[in-house]
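Starting off with a structure, shown below.
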Number of protein chains: 2
Amino acid sequence: MKLVQIYQCLCDETRLRLLNLLLRGPLCVCHLQSALDEPQVKISKHLGYLKARGLVTARRSGNWMIYALPSERVRSPELRANLACLQDCAAESAVFRRDLARLDKLDLACAPVGAARASKGCDCDW
Amino acid sequence: MKLVQIYQCLCDETRLRLLNLLLRGPLCVCHLQSALDEPQVKISKHLGYLKARGLVTARRSGNWMIYALPSERVRSPELRANLACLQDCAAESAVFRRDLARLDKLDLACAPVGAARASKGCDCDW
DNA sequence: GATCAATATTCCTTGATGGGAATGTAGTTT
DNA sequence: AAACTACATTCCCATCAAGGAATATTGATC
């Protein structure tokens, strides 16, 4: 993956926010959607954009799609460097911190039947 | 300057190549143009884009315009981090290394009367 | 002041991108 | 199998960005 393509993935705020959350670990769409508080179409399209360019991977888990950054061994040096850079920068900006805070509060809220997460919820690992 | 705006500046290959050269120090347009081997209008427009967003500064020196990165003390942490990251990444890519090589070979070629650089040439500091 | 060199700007066309409304799809539950 | 949930895709629109040809601007030189 060329360096420009990495930057093209990073040049939209919604995508930055998504990646910032995914730096914590794999997440399903509904969690991303809740944490960002943005319409479903918007989230889904940007995830599609990132996936098409190899910046995220996706796997299905029941009704849920779990998105994740490519595993560390697979990341190119450029991607590795830029993700680290993003993580540092995002840590100092209110928007990104707020997203993380909202993600932390989500907890069971997104699981289908609430308390059922452990048994039937998606297995993203926040 | 917001993080996204930095990435928006970095998401075009021509701009990446320009910034890669400017990481060496201030340069006039004709040197950038020769090193990149791209049409004048293309170089000028991208420099304008970067300047409008504060990623480069410009000053006139006779007929020449000298472009430079903002001085180090002025750079935000985000910009600092991303420029460092860019420099690292660019060092490993053929295109960027080739640009630097061409820049090194330029020498006096771009000065108006050739050998006149010291007296009447522009004062960019390659 | 006419000319020239270096650079910027305008005008135009083309393609990519972002956003939303509506609809489609796949897996799950009952 | 019908209904529901989570998510993706299509269609449409508006905006923006990139590239080039031509032209304008600014400062230097003659």
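Reminder, nothing fancy here: chain letters follow the sequence lines and each chain counts from 1. Treat the numbers as computed from the prediction; the structure is a model and nothing was measured.
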Measuring only between side-chain heavy atoms, which start at C-beta, is Leu83(A) closer than 4.5 Å to Ile6(A)? no
Tightest non-hydrogen contact, residues Ala58(B) and Met65(B), listed as CB-CE, 3.8 Å
Whole angstroms only, please: what is the CG-C1' distance between Leu50(A) and dG18(C)?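 Checked: the CG to C1' distance equals 14 Å.
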Nearest-Å distance, CG (Leu32(A)) to C1' (dC7(D))? 12 Å
Tell me, do Cys85(A) and Cys89(A) make a side-chain contact under 4.5 Å, heavy atoms counted? yes
Nearest-0.5 Å distance, CD of residue Gln5(B) to CG of residue Leu3(B):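 One finds 9.5 Å between CD of Gln5(B) and CG of Leu3(B).
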Which side-chain N or O atoms in residues 10-21 of chain B pair as donor and acceptor under 3.5 Å with protein atoms at least two apart or in another chain?
unit_1   : atom_1 : unit_2   : atom_2 : d
Asp12(B) : OD1    : Thr14(B) : N      : 2.9
Asp12(B) : OD1    : Arg15(B) : N      : 3.2
Glu13(B) : OE1    : Lys2(A)  : NZ     : 3.3
Arg15(B) : NE     : Cys9(B)  : O      : 3.0
Arg15(B) : NH1    : His46(B) : ND1    : 3.1
Arg15(B) : NH2    : Gln8(B)  : O      : 3.2
Arg17(B) : NE     : Asp99(B) : OD2    : 2.7
Arg17(B) : NH1    : Glu38(B) : OE2    : 3.3
Arg17(B) : NH2    : Leu36(B) : O      : 3.0
Arg17(B) : NH2    : Asp99(B) : OD1    : 2.9
Asn20(B) : ND2    : Phe96(B) : O      : 3.3

Between Glu38(A) and Gly62(A), name the one whose nearest nucleotide on DNA chain C is closer to the 5' end. Glu38(A)
Find out whether Leu47(A) and Leu32(A) are in side-chain contact, i.e. whether some heavy atom of one side chain is under 4.5 Å from a heavy atom of the other. yes
Show me the pairs that pass salt bridge (Lys or Arg N to Asp or Glu O under 4.0 Å) and involve residues 70-93 of chain A, at least two apart or across chains. none
Rounded distance in Å - OH (Tyr49(B)) to P (dG19(D)): 12 Å
How many whole angstroms separate atom CG of Leu36(A) from atom P of dG19(C)?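 Result: 11 Å.
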Asn82(B) to Tyr7(A) - nearest heavy-atom pair and separation: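 So the minimum-distance heavy-atom pair works out to O-OH, 4.4 Å.
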Starting at the 5' end of nucleotides 8-13 of chain C, put B wherever the base has a protein heavy atom under 4.0 Å, S where only the sugar-phosphate does, and a dash everywhere else. BBBB--
Check nucleotides 2-4 of chain C for protein N or O atoms closer than 3.5 Å to its own N or O atoms and list the pairs.
none

Among dT7(C), dG20(D), dG18(C), which nucleotide sits nearest the side chain of Arg15(A)?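 So the side chain of Arg15(A) is nearest to dG18(C).
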Output the rounded distance in Å from NE2 (His31(B)) to C1' (dA5(C)).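 Spelled out: NE2 on His31(B) to C1' on dA5(C) is 14 Å.
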Whole angstrom is fine here: how far is it from CG in Leu27(A) over to P in dC7(D)?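 Checked: the CG to P distance equals 11 Å.
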How long is the span from the CG atom in Leu22(B) to the OH atom in Tyr67(B), to the nearest 0.5 Å? 10.0 Å
Which parts of residues 2-13 of chain A get close to DNA chain D, meaning a heavy atom less than 4.0 angstrom away? none
Round to a whole Å and report the spacing from CZ of Arg59(A) to C1' of dA26(C).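 Value for this atom pair: 17 Å.
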Shortest non-hydrogen contact between Pro70(A) and Leu55(A), atoms and distance: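 Here Pro70(A) and Leu55(A) meet closest at CD-O, 3.0 Å.
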List in chain and number order the residues that pass side chain to side chain contact (heavy atoms under 4.5 Å, CB included) with Arg98(B), two or more places apart in sequence or in another chain; answer none if no residue qualifies. Val95(B), Arg102(B)
When you measure from the side-chain N and O atoms of His46(B) to the phosphate of dA17(D), is any distance below 4.0 Å, counting only OP1 and OP2? no
Lys51(A) NZ to dC7(D) C1': how many Å, rounded?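 Taking atom C1' of dC7(D) as the reference, NZ of Lys51(A) is at 11 Å.
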